[in-house]
Amino acid sequence: MAGGFVVFVRKNFCDRSRSHRPQPDWKAAYRHGSDCRFQLAVCSSHGRPVHFACGRYGSGAIAPRIYAKHSRRLAVARFAVGRRASFQTDRLDLYRQKIQELLDKGLAYRAYDTPAELDAMREAQKARNEAPRYDNRHRDLTPEQQAQFEAEGRKPVIRFKIENDREISWNDIVRGTVTWKGRDLGGDMVIARAAEGEFGQPLYNFVVVVDDIDMQISHVIRGEDHIGNTPKQILLYEALGATVPTFGHTPLILNAAGAKLSKRDGVTSISDFQQMGYTAEAIANYMTLLGWSPPEGMNEIFSLDEAAQKFDFDRVNKAGAKFDWDKLNWINSQYLHHMPIDRLTDLLIPDWQEAGYEFDPSDRAWLKQLTAVLAPSLVRLNDAVEMSRYLFVQDVGLTEAAVGQLQQPGAVAAMQGILAAIPADTTLSEADAQGIIQTVTKAENLKKGVVMRSLRAALTGDVNGPDLMQSWLLLNQHRWDRSRLEQALKQISA
RNA sequence: GGUGCCGUAGGCAAACUGGUAAAGCCGCAAGUCUUUCAAACUUGUGUUUGCGGGUUCGAUUCCCGUCGGCACUGCCA
């Protein structure tokens, strides 16, 4: 792909006021943040900018705000490559000019159908079991007919002519040759809405083409759901006398049921994943693995930069990929297990605070020690909240299993021995703690395992959890170990 | 309904232009380690490539049909 490689990552935003869909949350347009998984890899691999477009009409003020928000999200996901933004509202003059050009060339025309008439037409088609499509009834209006409609006060839309017998085909980077017939495109397409004045808002399929020509976009990489727009857009490129770019349609991400991943699946954007405790790196990593496989010898855990170096469309699969939470979990755990403790600590602190745990954030040493203990067991960041509860909440109580453990022969005596051995005001070292256990085990003539398991039960209230010695030391630093033992002994004897 | 795309184990997938199918990863199961869970490591687990024909010495790969899934089918983007 020598010479220039510019990809247009287009994010579209619903116009709330006009949409008939219930609450088209603008986040939905961004969906799971995966639409751009391959684009970004490609762009960074070629050192080209990713263009970022907000396709919102109407109040121009809101578009920059949406852009800012999404831009932040991309950055969050480490998708930080050079970006340029553009807003449709800034480009209205260009669209106007291009529409006029098509009109002048006779490739587009004014159609005066009312929405009610169009509905009636489709109803009738449906009744006859035909595919709904515009029958091009206003394509060749006489000046008199036009004048008549105008006199009635009708406002025309602009329609672009699509010939029935036209064949459109292109060589898709991921799918090979794809072919469509003009007659399957639904009739002459509307490129601008009806409105007062010459013509109204230009529409998506037209706008993207004008923009992409203007920005000299060479490659359009997008989700497979756009495949049906491509033939229409190709026709527009030709009509506008522009070079048709290279298209690539990447597979969709499916939920367990095999449908397009959506809001119902609980994730609509990268921030949703982050709230669930997934790191941005893990998300980006997993997303790139959906529909693409790394070349032989490449690990499946990789940064976006590494992916960019090896990325190749040859290895993009055509079939939609089912989203697998198990694998995302595993990938996320890999990142968490190998993350520097300082960074992990920073990520965990907000979760602990949010959980309402009381602690001194400046007690960095203790927090880091805790993080290091937790790290190997983490799958998602917020797992840390439950896992470390016994270190933040004074009164933990005993689970049934813990009670059972402490009722084992010798357990109580061992706990009493340990309690007596813990110095009241010096902090235990690991060697100290080991020594205490050694001594008590010998003195009570028990197996070490019994002592350890019982100690865990008494100290943490449960029979399993993070490393016991570390947990004890952590507790000891806050002088909570003795009180835990006392409470446990009290509960057992009661 | 129409059109398009797709169909390799439970999931993601590999297999150079037709030449021993399932490499690798997740999951699952067992074992090792350990004070527990997890991690880590080891081993194991899954196949008439949706189905039926055809071309061929030979088909996951090419052709036809069939079934299934998904997407699109707007004065949305």
Side-chain angles (χ1 to χ4, degrees), chain A residues 10-15 18-21 24 28-29 55-57 111 113-115 118 122 125-126 128-134 155-159 172 175 178-181 183-186 189-195 200-201 203-205 207-208 223-231 249 251-252 254 256-260 286 289-301 315 317-331 333 337 375-379 383 387 401 405 437 447-457 460 462-469:
Chain A
R10 177 174 288 278
K11 294 290 127 218
N12 306 305
F13 303 97
C14 304
D15 186 338
R18 280 173 197 280
S19 174
H20 49 264
R21 273 186 284 177
R56 196 184 206 286
Y57 310 101
D113 313 272
T114 63
L118 292 176
R122 292 199 186 96
Q125 287 165 336
K126 231 170 180 176
R128 274 174 276 140
N129 222 344
E130 288 170 15
R133 49 171 286 127
Y134 183 61
K155 303 295 174 213
V157 298
I158 308 300
R159 279 186 188 269
D172 199 281
R175 271 148 226 285
V178 182
T179 308
W180 288 73
K181 289 182 202 67
R183 63 169 44 79
D184 297 325
L185 262 23
M189 67 186 276
V190 178
I191 55 172
R193 280 177 163 157
Q201 281 172 6
L203 262 21
Y204 173 75
N205 272 123
V207 162
V208 294
E224 190 199 336
D225 45 354
H226 280 284
I227 222 167
N229 290 144
T230 307
H249 291 90
L252 261 23
L254 279 18
K260 196 159 67 169
Y286 179 57
L289 240 22
L290 245 22
W292 179 74
S293 57
E296 187 107 11
M298 181 176 172
N299 204 288
E300 287 203 348
I301 302 293
R315 298 186 75 85
N317 210 42
K318 295 186 189 69
K322 276 188 189 167
F323 188 91
D324 182 15
W325 288 98
D326 281 333
K327 185 143 186 183
L328 207 215
N329 281 339
W330 176 76
I331 289 179
S333 74
H337 298 345
S377 306
L378 291 176
V379 173
D383 290 341
M387 269 159 61
Q405 176 59 43
I437 288 174
K447 282 193 172 164
K448 191 181 173 194
V450 175
V451 177
M452 295 295 273
R453 283 195 293 272
S454 303
L455 182 59
R456 173 185 295 286
T460 72
D462 205 347
V463 292
N464 49 39
D467 184 90
L468 178 57
M469 294 311 289

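Chain naming here is simple, since letters A, B, ... match the order of the sequence lines and numbering starts at 1 in each. Just the heavy atoms: all of them, side chains too, but no hydrogens, waters or symmetry mates, feed the values below. No experiment lies behind these values; they were computed from the predicted model shown.
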With A/Lys155 via salt bridge (Lys or Arg N to Asp or Glu O under 4.0 Å) - residues at least two apart: A/Glu196
State which residues pass side chain to side chain contact (heavy atoms under 4.5 Å, CB included) with [X]; sequence neighbours excluded, sorted by chain then number.
| X | answer |
| --- | --- |
| A/Ala256 | none |
| A/Val178 | A/Trp170, A/Asp172, A/Arg175, A/Trp180 |
| A/Leu254 | A/Leu252, A/Lys322 |
| A/Val190 | A/Val157, A/Arg159, A/Leu203 |

Contact pattern, 5' to 3', of nucleotides 65-72 of chain B - B, S or - by protein heavy atom under 4.0 Å: -----SSS
Base-contact (B) and sugar-phosphate-only (S) positions in nucleotides 25-38 of chain B, heavy-atom cut-off under 4.0 Å, - elsewhere: BSS-------BBBB
Using the [atom1] atom as the reference point in each nucleotide, state the distance between [N] and [M] in Å, no decimals.
| N | M | atom1 | value |
| --- | --- | --- | --- |
| B/G68 | B/G44 | P | 40 Å |
| B/C25 | B/U43 | P | 11 Å |
| B/C63 | B/G4 | P | 15 Å |
| B/A9 | B/G46 | C1' | 5 Å |
| B/A15 | B/U60 | C1' | 9 Å |
| B/G10 | B/U48 | P | 9 Å |
| B/A59 | B/G52 | P | 14 Å |
| B/C12 | B/G74 | P | 31 Å |

For [N], give its Watson-Crick or G-U wobble partner with both distances under 3.5 Å, or none.
| N | answer |
| --- | --- |
| B/C62 | B/G54 |
| B/U36 | none |
| B/C5 | B/G69 |

With sequence neighbours excluded, what pairs up with [X] under the side-chain hydrogen bond (donor to acceptor under 3.5 Å, both in side chains) test?
| X | answer |
| --- | --- |
| A/Asn229 | A/Asn205, A/His226 |
| A/Thr460 | none |
| A/Thr230 | A/Arg222, A/His249 |

For [X] and [N], give me the distance from atom [atom1] to atom [atom2], rounded to whole Å.
| X | N | atom1 | atom2 | value |
| --- | --- | --- | --- | --- |
| A/Lys318 | B/C6 | NZ | C1' | 9 Å |
| A/Gln201 | B/C75 | CD | C1' | 9 Å |
| A/Tyr204 | B/U73 | OH | P | 11 Å |
| A/Arg175 | B/C6 | CZ | C1' | 7 Å |
| A/Ile331 | B/C12 | CD1 | C1' | 9 Å |
| A/Arg122 | B/G2 | CZ | C1' | 14 Å |
| A/Lys322 | B/A9 | NZ | P | 10 Å |
| A/Asn299 | B/A13 | CG | P | 18 Å |

A/Leu455 CG to A/Ile437 CD1 distance, which is reported to the nearest 0.5 Å: 5.5 Å
Verdict with reasoning, A/Lys318 to A/Glu224, per side-chain contact (heavy atoms from CB on, under 4.5 Å): CA-CA 9 Å; A/Lys318 295 186 189 69; A/Glu224 190 199 336; over 6 Å; no
Whichever of A/Arg159 and A/Ala319 has its nearest RNA chain B nucleotide further upstream toward 5': A/Ala319
Partners passing ring-ring contact (aromatic ring centres under 6.0 Å, His included) against A/Phe323 (at least two apart in sequence or in another chain): A/Phe273, A/Tyr286, A/Trp325
Candidates A/Arg133, A/Lys126, A/Arg128 - the one meeting side chain to side chain contact (heavy atoms under 4.5 Å, CB included) with A/Glu130: A/Arg128
Looking across every strand, which nucleic acid part, if any, lies under 4.0 Å from [X] by heavy atom: base, sugar-phosphate, or nothing?
| X | result |
| --- | --- |
| A/Asn329 | nothing |
| A/Arg128 | nothing |
| A/Val190 | sugar-phosphate |
| A/Arg183 | nothing |

N/O contacts under 3.5 Å, protein versus nucleotides 14-17 of chain B?
| from | atom 1 | to | atom 2 | distance (Å) |
| --- | --- | --- | --- | --- |
| B/A14 | OP1 | A/Ser293 | OG | 3.1 |
| B/A14 | OP2 | A/Asn317 | OD1 | 3.4 |

Donor-acceptor under 3.5 Å (A/Arg456 side chain, A/Asp467 main chain): no
